[in-house]
Amino acid sequence: MAAWRQLPGRARAAPGLLTSTRLTQLPRDRRAPLTCRRSLCTSGSSPNDYFKDLQAQLAGMKKKAADVLPGSSWTSLEINTDLPPKRADIVIVGGGVVGWSIAYWLKQKERVRGGVQVIVVERDPTYTQASTVLSVGGIRQQFSLLENIHLSLASADFMRNINDHLGVLNEEPVDLQFNHSGYLFLANEKVAHIMEENYNTQRLAGAKVSLLSPTQVKEKFPWINTEGVALASYGLENEGWFDPWTLLNAFKRKAISMGVTQFCGEVTGFKTLTNIMTTIDDEKVGVQRIKSVKVQMPNSLQYQLVDCAVVVNAAGAFSGKLAEMLGIGLGPKDSFSGIPVPVEPRKRYVYVVHCPDGPGLDTPLLIDYSGVYFRREGLGGNYITGMSPEEVEEPDTNDLEVDHQFFQDKVWPKLANRVPAFEKLKVSSAWAGFYDYNTFDQNGIIGMHPLINNMYFATGFSGHGLQHSPAVGRAVAELILDGNFKTLDLSNFGFKRIVEQEPMLERNIV
Amino acid sequence: MSASMVVLHRCCQRSALLVARRQWMSSSASRPPLVSRLLLFLTQRFYDVEMLVSWKHHFKRNQLQKTNAYYGYTEKFYGTDIAAAYYILKLGGGVRFVGQSEWFHADRRGKFSWDFLKFKNTPLEEVDMSQTLINYTGLRNLETQKQLRTLRLRGCPEIDDWFLARLHVFQDSLEELDISDCPRITTGGLAALRNLKRLKLLYVSSLPRVSCPGLVIILLEEMLPQCQIIAEGYDHSVRQAEGERMES
């Protein structure tokens with residue numbers, strides 16, 4: 001009833017309002033001729049009235065629709081405000097620990113504040129599939145290649161002074177939760193000579209490693225079954241494990257505080273300029289230059305083209321796919337463009353086991369010659385273990401499901417053979433993560449691709465990306481800003497070895 | 001009367017722990033002092049203040065590096081032993097040479113007698129670096145001491161886990177180690193003491209950053225079976241403390 005009464009009242013008031021405005025406009029016209037034209041234009045003409053009505057009707061419809069769907073603020077015309085900028089100097093694809101380390105070092109090395117504009121594009125800001133946070137988090141110097149040992153030493157030095165590097169004013173200091181427990185490698189008769197050679201290389205590079213005989217191992221770690229062990233090498237310093245998530249966030253926090261911006265999105269394409277060049281053998285080669293990167297926003301069709309000078313491929317396990325978007329590896333065989341970036345994801349399982357009678361505080365990260373490894377996790381009798389499967393039985397990499405049978409069949413027998421206390425254990429949890437596996441020689445690829453002259457690669461570390469990330473970030477930043485390596489010469493890790501098919505293999509005992 | 005004294009004593013202990021912890025943990029109950037809160041307020045609003053504060057940090061760090069520099073020049077002229085002793089005395093520590101009974105100690109104002117120059121080519125046996133600013137880089141000056149038996153590092157603010165991991169250089173000689181009251185040592189660093197196989201006495205009292213100290217001490221005893229471990233200043237009675245808090 002009340003509504004009925006109100007309606008005629010409003011209807012009566014409406015013409016009154018109209019007339020009154022007209023009346024008031026008239027005297028104004030006389031006083032201020034400038035405004036008269038405007039008011040005449042807006043009032044009186046019938047088409048404008050029609051549009052006004054339409055507008056009011058549309059607003060009413062919109063309100064009705066909003067009432068029907070309470071609680072939804074969705075509109076079809078909303079613009080995504082998290083779009084990356086249209087221009088940036090350097091785009092880093094992949095916001096894992098390597099990507100953020102590069103971003104930090106680029107900012108650290110810039111001459112003027114704000115000299116380079118760096119953006120980091122990460123597909124999944126929750127890092128559900130990132131190799132960084134699903135890793136075991138170990139750092140060691142026991143490699144056979146000098147480059148790898150130097151990378152580890154430099155990274156350990158960085159981690160020791162982490163608060164000088166990554167401390168932010170008025171923020172909490174970084175606590176890596178580093179466990180200085182060392183690595184213990186066990187070798188059998190067959191591979192003992194390799195271990196000895198590696199030991200000499202490591203000592204030469206300045207790593208603090210010691211060789212132990214089986215009796216010394218038994219004396220130091222009475223819980224190890226030394227049957228079949230001919231030699232062991234044991235890291236005394238700068239070896240152990242730490243919390244990967246803390247390192248990633250420390251890099252991220254510092255880089256953001258220095259002016260790096262991060263964007264959530266997926267790189268789905270590139271705009272390139274191709275120059276056709278001729279080699280000495282009269283082979284026509286197209287050398288590309290990336291003009292802009294296409295960043296697709298998550299859960300929408302919206303995308304942004306980011307014009308940039310340099311692209312860094314730090315996409316980890318998926319960097320091979322990223323290079324494929326530029327046609328790398330798709331060309332005819334026996335040509336330059338036919339050589340793919342040899343990086344692919346490989347799935348690795350990590351099992352958390354509970355064993356109250358297991359070894360204590362001095363447990364190192366033990367790596368047996370059979371391939372099985374384990375380390376302590378916390379103080380409550382929990383251990384982390386796993387091993388790399390054989391080449392022929394590599395698991396499917398579409399998801400991160402854990403194969404528990406693999407532990408029962410492969411890992412446990414070897415583990416219990418090496419440490420008899422592990423005969424009684426309970427698997428309390430497990431997870432799987434990706435390796436950015438370099439199928440060519442299981443070592444990092446650092447440098448520019450010969451066919452794309454502004455894309456830098458920092459990928460393919462095959463499991464040691466996390467521990468080498470601080471030093472690799474510095475090396476890539478040097479490569480971009482200085483043009484060549486300044487502190488550590490990593491030119492052997494470039495693409496040259498892949499083009500020339502000369503692998504740089506680690507002489508591992510496993 | 002005595003009971004109230006005990007409670008008072010406990011309160012003091014707890015507050016001391018909180019003070020030590022404050023710079024590391026944001027979740028401490030008490031607020032930071034007025035000066036630091038004011039500084040925080042100013043740094044958040046003025047770039048100049050921020051710059052000044054960061055300069056102060058830089059200056060402090062440079063000072064620390066300078067005090068812990070490698071005494072290569074002294075080593076060249078007087079040998080490694082005198083260089084090590086000079087470094088220790090310069091930092092305000094004390095030193096005793098092998099076969100000697102007298103200690104050389106720096107006094108409160110940092111002055112020390114130069115008689116230690118007599119003991120050229122005599123290695124050090126006991127070193128007391130308590131309450132000094134020794135850190136990882138400074139340890140390089142002591143690395144040549146292969147007969148060092150006692151190392152006292154009580155209350156050193158710059159000693160961290162990396163320092164403890166580096167102590168393996170004394171693994172063949174060190175028998176007594178005191179790392180009590182060092183605010184930066186955590187469990188991860190204590191695990192590195194496994195290399196000191198000749199250790200007979202280890203003081204690990206009042207380490208504020210070691211979580212669950214009771215368990216850690218048991219594990220340490222397991223790891224170093226021949227070593228006596230002295231750990232005081234921990235409140236092991238967690239449940240009792242909770243009860244007290246509930247009552248108050």
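Here the structure is a predicted model, which is why all the values come from computation and not from measurement. By convention in this document, chain letters (A, B, ...) are assigned in the order of the sequence lines, proteins followed by strands, and residues within each chain are numbered from 1.
Atom-to-atom distance recorded for B/Gln44:CD and A/Leu169:CG is 10.0 Å, nearest 0.5 angstrom. One finds the CZ atom of A/Phe178 at 11.5 Å from the CG atom of B/Asp160 (value rounded to the nearest 0.5 Å). To the nearest 0.5 Å, the span separating CG on A/Leu236 from CZ on B/Arg166 amounts to 10.0 Å. The CG atom of A/Asn170 sits 4.0 Å away from atom OG1 of B/Thr43, with the distance rounded to the nearest 0.5 Å. Taking CG of B/Leu164 as the start and NE2 of A/His180 as the end, the distance is 8.0 Å to the nearest 0.5 Å.
Considering every non-hydrogen atom in both B/Ala191 and A/Arg376, the closest pair reads CB-NH2, 4.1 Å. Between A/Glu237 and B/Ala165, the shortest heavy-atom distance links the atoms CG-O, 3.9 Å.
Summarising the local packing, CZ of B/Arg154 is surrounded by more than 12 heavy atoms from other residues, nucleotides or ligands at distances under 6.0 Å. Surrounding CZ of B/Phe46 are at most 12 heavy atoms belonging to other residues, nucleotides or ligands under 6.0 Å away. Within a 6.0 Å sphere centred on NZ of B/Lys146, heavy atoms belonging to other residues, nucleotides or ligands number more than 12. Heavy-atom neighbours of B/Arg149 CZ from other residues, nucleotides or ligands within 6.0 Å: at or below the threshold of 12. In this structure, A/Arg203 places its CZ atom where more than 12 heavy-atom neighbours from other residues, nucleotides or ligands lie under 6.0 Å away.
In this structure, chain A has a heavy atom under 4.5 Å from the side chain of B/Arg61, while its backbone stays farther away. With a 4.5 Å cut-off on non-hydrogen atoms, A/Phe242 does not touch chain B at all.
A/Arg160 places no side-chain N or O within 3.5 Å of a backbone atom of B/Trp162 that could act as its donor or acceptor partner.
Among A/Thr363, A/Asp362, A/Asn179, the residue making the largest number of heavy-atom pairs under 4.5 Å with chain B is A/Asp362.
Residues of residues 207-221 of chain A lying under 4.5 angstrom from chain B, judged on non-hydrogen atoms, are A/Lys208, A/Lys220 in numerical order. Interface with chain A: from residues 49-60 of chain B, residues B/Glu50, B/Val53, B/Ser54, B/His57 qualify, criterion being any non-hydrogen pair under 4.5 Å.
Partner of A/Leu361 under the side chain to side chain contact (heavy atoms under 4.5 Å, CB included) criterion, out of B/Ile218, B/Leu193, B/Leu220: B/Leu220 alone.
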